[in-house]
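In what follows, a single structure is set out as structure tokens and then discussed.
Chain letters run A, B, ... following the sequence lines, proteins first, then strands; residues in each count from 1. Reckoned from all heavy atoms, side chains included, excluding hydrogens, waters and symmetry mates.
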Amino acid sequence: MKKALALARADWLNLWRTSRIFFGMILLYEAVYIVAGKEWMFLSILSVALGGMLSYSAIGYDERSGWNRFVLTTAYSRKDYVLGKYLVAFTGTLGGALLMAAAGVIAAVTGRVPFGEGMAPLSGMTTCGVLISLSIVLPLAFRFGMEKARLLNVLVIVLICGGAGVVAGIGSDLAGNIPQVTAALNLILPAAAVLLLALSCLLSVRIYRGRQF
Amino acid sequence: MADAIKIEGLTKSFKNFTLGPIDLALPTGCVMGLIGENGAGKSTLISLLLGLKRPDAGKALVLGEEAGNDAAAFRQKVGVVLDIPGFPSAMRASEIGKLLAPGFPGWDGERFRALCAGFKLPEKTGFGSYSRGMKMKLSIAAALAHDPELLILDEPTGGLDPVARDEILDIFYNFIQSPDRSILISSHILSDLEKICDYIAFLHEGRLLLQGEKDLLKETYGLLRGSRAEIAALPDEAVKGVRRTGTGDEALVLRDCCPEAEPVGLEELMVFMLRYAKGEN
């Protein structure tokens with residue numbers, strides 16, 4: 001894990017220098033939400049997705065520079081490399097979610113939106129959705145490369161959004177009758193998302209061990 | 001003497017190209033030059049030795065262990081420079097040193113810094129903005145900084161000016177002074193290989209056309225110039241290739257049969273062998 005952390009740190013440094021525009025966009029979205037209020041909540045939500053997707057940029061940069069190949073000749077193993085990228089994905093998503101939460105608090109404190117209204121469940125739901133999306137796309141990236149995985153990413157997002165709509169519909173119907181369902185979903189969904197990410201990581205390690213350069 | 005690299009029947013097939021079967025040994029303490037035209041299979045062979053590709057058949061032992069072993073203790077012993085030097089593009093030399101250090105137990109940060117300074121690598125510039133020569137120098141510094149026993153180098157002097165190449169060859173020459181160290185180096189710049197190699201392995205269309213001690217190869221083959229009639233009169237088995245020129249013919253010959261032949265350089269040997277192999281003489 002120490003080596004994976006070192007690789008993730010290097011990724012964040014590299015991303016900070018090459019993708020400042022992404023970080024700028026995230027901060028801008030949060031600022032717009034804080035100033036403009038509830039109607040602009042979707043912009044705040046985007047910061048979670050952008051945070052998670054920075055891991056795609058990290059993989060893409062490595063493929064372009066050849067680091068994904070060269071790193072395997074150093075003392076870092078294929079497993080270290082994959083774990084590093086999952087750390088970037090997880091911390092990026094979490095960072096985006098924390099920024100979103102912070103923006104929500106600021107917007108509430110400054111009286112732009114009613115305190116806590118709708119933000120927490122939406123934030124949680126988005127974070128889970130992004131983690132699930134990452135769980136599907138990252139193994140594809142390790143198998144086919146980031147360019148192809150990015151194309152599949154669009155399909156994955158459509159499927160997840162559609163799936164989330166169906167689940168939300170069923171959930172709200174059930175929740176109307178059984179209030180415990182909402183509480184259960186609030187626990188099950190994050191746990192399922194984290195579990196799925198862990199399983200995806202194991203799958204990616206397996207895939208990457210078989211990849212040839 | 002144990003072999004630093006031992007390859008037996010190594011084969012790798014692609015859609016339009018097959019490498020091997022290759023049998024090759026690099027004795028410890030020696031330098032082997034891997035030569036051949038573009039697409040001959042040099043980089044594929046190096047990828048197989050590094051575990052970046054997996055063979056379809058045969059095996060390769062690197063320092064007595066199976067190629068592709070990703071244990072840190074093993075990687076510590078092998079320094080690598082690839083034809084495409086790849087480090088994260090925005091990282092500076094010092095940051096790359098810090099990135100590599102946790103993996104290698106024997107990482108010598110001071111040596112890495114000294115090599116970077118010696119190569120005059122800019123401190124504030126990201127790797128992506130380096131020239132190809134600078135990238136190669138940084139790769140070489142990284143390969144040497146963990147005190148390896150074996151260097152595997154794919155075109156390490158490509159893109160460097162003659163002075164820088166000479167400087168780097170000196171570093172390799174100093175590296176090899178210790179009898180337990182070895183180098184496998186592929187290059188198109190045969191004059192570089194001629195300076196430092198003990199052994200030559202000549203790949204052509206995925207097969208080993210020739211391998212052996214460099215000095216022995218140079219003793220075995222020679223270059224003979226003469227009129228078309230004189231060259232045509234040579235015994236068939238002695239002639240390995242003929243180049244027609246405006247003033248007569250040049251023939252690559254076995255010096256046993258033609259003792260008057262002049263010593264041949266690696267570049268001429270390669271050109272003649274390829275022409276002979278291709279039947280273009």
Side-chain angles (χ1 to χ4, degrees), chain A residues 1-23 54-85 87-88 142-143 145-146 205-213, chain B residues 12 14 43-44 46-56 62 67-92 95-96 98-107 126-130 135 138-139 142-143 145-146 148 152-154:
Chain A
M1 191 50 112
K2 195 178 153 194
K3 288 186 188 173
L5 276 169
L7 287 172
R9 258 201 314 272
D11 274 334
W12 279 117
L13 178 65
N14 203 39
L15 284 167
W16 174 245
R17 297 225 175 105
T18 52
S19 311
R20 281 192 190 151
I21 190 157
F22 264 94
F23 295 98
L54 280 170
S55 58
Y56 301 163
S57 299
I59 297 173
Y61 288 140
D62 286 358
E63 287 174 357
R64 213 181 320 154
S65 69
W67 171 241
N68 63 331
R69 183 170 174 250
F70 185 74
V71 70
L72 305 179
T73 71
T74 68
Y76 290 108
S77 67
R78 291 176 186 239
K79 185 179 163 191
D80 297 328
Y81 181 76
V82 172
L83 280 178
K85 289 294 177 276
L87 280 173
V88 171
F142 285 117
R143 174 68 184 86
M146 201 58 242
V205 169
R206 202 181 162 86
I207 287 171
Y208 213 58
R209 277 191 178 138
R211 188 159 167 194
Q212 301 194 51
F213 294 88
Chain B
K12 178 75 181 171
F14 302 92
S43 293
T44 303
I46 285 177
S47 293
L48 286 165
L49 289 173
L50 297 173
L52 296 172
K53 287 184 173 41
R54 292 196 172 78
D56 299 327
V62 177
N69 184 340
D70 68 2
F74 170 71
R75 296 281 182 81
Q76 157 89 27
K77 294 190 271 184
V78 184
V80 177
V81 175
L82 293 179
D83 52 343
I84 300 168
F87 287 110
S89 58
M91 293 186 87
R92 297 163 188 156
E95 292 161 348
I96 287 170
K98 282 179 192 155
L99 169 62
L100 294 173
F104 292 114
W107 181 264
F127 182 75
S129 303
Y130 280 12
K135 286 179 178 176
L138 183 62
S139 290
H146 53 91
I152 296 182
L153 312 163
D154 194 2

Handout entry: Heavy-atom contact with chain B under 4.5 Å, split by part of A/R64
Key = neither
Exercise for the section: Select one option (side chain, backbone, both, neither) describing which atoms of B/S47 are under 4.5 Å from chain A's heavy atoms. Expected result: side chain
Exercise for the section: Kindly confirm or rule out a cation-pi arrangement of A/R69 over A/W67, judged by NZ or CZ under 6.0 Å from the six-membered ring centre and within 45° of its axis? Expected result: no
Completion exercise
CG (A/L13) and CE (B/M91) are apart, to the nearest 0.5 Å, by 5.0 Å
Handout entry: Residues, nucleotides or ligands: over 12 heavy atoms within 6.0 Å of B/K98 NZ
Key = no
Practice task
Tell me, for B/P85 versus chain A, whether the close heavy atoms (under 4.5 Å) come from the side chain, the backbone, both or neither.
Solution key: backbone
Completion exercise
Ranking B/V80, B/L100, B/L50 by heavy-atom pairs under 4.5 Å to chain A gives rank one to B/V80
Problem - Pair B/E95 + A/R9: basic N to acidic O under 4.0 Å - result: no
Handout entry: Interface residue of largest heavy-atom contact number with chain B, from A/R209, A/K79, A/K2, under 4.5 Å
Key = A/R209
Handout entry: Validation row, ring centre A/F213 to ring centre A/F70 under 6.0 Å
Key = no
Problem - Aromatic contact, A/Y76 with A/Y81 (centres under 6.0 Å) - result: no
Practice task
Name the member of B/S89, B/A143, B/P105 that forms the most heavy-atom pairs with chain A at distances under 4.5 Å.
Solution key: B/S89
Problem - Max heavy-atom pair count under 4.5 Å with chain B, selected residue of A/L72, A/D80, A/N14, A/T18 - result: A/N14
Problem - Side-chain donor-acceptor contact under 3.5 Å, A/Y61 with A/D11 - result: no
Problem - Residue B/N69 versus chain A: region with a heavy atom under 4.5 Å - result: neither
Handout entry: Which of B/A90, B/G79, B/G51 touches chain A most, by non-hydrogen pairs under 4.5 Å
Key = B/A90
Exercise for the section: Decide if atom CZ of A/R206 counts as having more than 12 heavy atoms of other residues, nucleotides or ligands within a radius under 6.0 Å. Expected result: no
Problem - chain A contact via B/K12 - which portion, at a heavy-atom distance below 4.5 Å - result: side chain
Handout entry: Interface residue of largest heavy-atom contact number with chain A, from B/I84, B/L82, B/L99, under 4.5 Å
Key = B/L99
